[in-house]
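Here the structure is a predicted model, which is why all the values come from computation and not from measurement.
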Amino acid sequence: MEYLGIDLSCAVGSLRRGNIPDKDCLLPLISKLLGYAIVAASTTVKLPQILKILQHQSVRGLSIISFELETIGYTIALAYCLHKGLPFSAYGELLFLLIQALVLIAIIYYYSRPLGSITWIRALLYCAVAPTILAGQIDPLLFEALYASQHAIFLFARIPQIWQNFSNKSTGELSFLTSFMNFGGSMVRVFTSIQENAPTTVLLGSVIGIATNFTILSQILMYQKPQAGKEKKTK
């Protein structure tokens, strides 16, 4: 009895006998269900951030380079998981996050006009190289090195935004809901990566995600309240 790669025979058999499924049966099942839950939730993770920018027609406080690096990181991570043949439940959210990240970048570019020549060069380079990476048409050793660097990319994608938040004592148009969903998704993905026997590098990426997303989430809670208080006083 298997649906979407989820083996239900063990759990169903135990329940029919009036027993609670044991740990070896239950944990893989929970992992699969959580994995698909993350994939489903990932379809709307960046939607609050997109809507907030469109509502205010502003990208105040947002670091363009952070969102660009994040998009590169999603591209490499998705390509690697596809190349390794991991089950869709273990990486499916990367596909939807990449699509939303590209939409978000386009919106940020639109509200950041005029764009400098360096920004346009970065965008064109990504459009030229990304299809080759996603197709896996690169040397296997280079692919491994690229994926290893992906963790540094995600880390450095968060640092400019974290520093900008700290310097401005404000998180600008950053969405609390999007940051919270990113943090929660990273927490759950650690568990599913262990259960799916994903490579250690995949697990490391989730751990880095927990640390960086928690930092940004904390900054939103810390800086947005005082900012809201100031706005009320000015009114």
Value rounded to 0.5 Å, distance of [atom1] in [X] from [atom2] in [Y]:
X	Y	atom1	atom2	value
Gln219	Ser170	CD	OG	10.5 Å
Ser179	Lys46	OG	NZ	8.5 Å
Ile72	Arg122	CD1	CZ	8.5 Å
Ile162	Thr212	CD1	OG1	6.0 Å
Thr75	Ile133	OG1	CD1	7.0 Å
Ile76	Leu146	CD1	CG	4.0 Å

Using modelled atom types only, decide if a donor and an acceptor are shared between the side chain of [X] and the backbone of [Y] within a distance under 3.5 Å.
X	Y	answer
Asp139	Leu141	yes
Gln49	Glu173	yes
Thr178	Val45	yes
Thr43	Val39	no

According to a 4.5 Å side-chain heavy-atom criterion applied to Ile, Leu, Val, Met, Phe, Trp and Tyr, with indirect links allowed, do [X] and [Y] form part of one hydrophobic cluster?
X	Y	answer
Tyr109	Leu125	no
Leu51	Met181	no
Leu69	Ile99	yes
Val129	Tyr74	yes
Phe96	Leu47	no

Checklist entry - So which pairs with a foot in residues 41-61 pass ring pair (Phe, Tyr, Trp, His ring centres under 6.0 Å), sequence neighbours left out? => result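 Not a single pair qualifies under ring pair (Phe, Tyr, Trp, His ring centres under 6.0 Å).
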Checklist entry - Please, which pairs that meet ring pair (Phe, Tyr, Trp, His ring centres under 6.0 Å) have at least one residue in residues 119-148, sequence neighbours excluded? => result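 Residue pairs passing ring pair (Phe, Tyr, Trp, His ring centres under 6.0 Å), neighbours aside: Tyr80-Tyr147, His83-Phe143, Tyr147-His151.
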Between [X] and [Y], which heavy-atom pair has the shortest distance, and what is it?
X	Y	result
Gly61	Asn165	O-OD1, 4.2 Å
Ala79	Leu134	CB-CA, 3.8 Å
Ser63	Phe67	O-CD1, 3.1 Å
Ser206	Ser186	O-CB, 3.8 Å
Ser112	Ile108	OG-O, 2.6 Å

So do [Y] and [X] actually touch side chain to side chain, heavy atoms under 4.5 Å?
X	Y	value
Tyr110	Val59	no
Ile53	Leu104	yes
Gln161	Glu70	no
Leu94	Leu98	no
Ile105	Glu68	yes
Ile216	Phe183	no
Lys52	Leu177	no

Item to check | Phe156 CZ: over 12 foreign heavy atoms closer than 6.0 Å | outcome: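 Counting neighbours around CZ of Phe156, 12 or fewer heavy atoms of other residues, nucleotides or ligands fall under 6.0 Å, so no.
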Next on the checklist: Can you confirm whether Leu142 is buried at CG, in the sense that more than 12 heavy atoms of other residues, nucleotides or ligands lie under 6.0 Å from that atom?
Outcome noted: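 For Leu142, atom CG is crowded (more than 12 foreign heavy atoms under 6.0 Å).
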Next on the checklist: Ile208 vs Arg158, test: side chain to side chain contact (heavy atoms under 4.5 Å, CB included). Steps then yes/no.
Outcome noted: CA-CA 10 Å; Ile208 292 174; Arg158 296 290 188 267; over 6 Å; no
Checklist entry - Going by the angle between their ring planes, with limits at 30° and 60°, are Phe180 and Phe176 parallel, tilted or perpendicular? => result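 Answer is parallel, since the angle falls under 30°.
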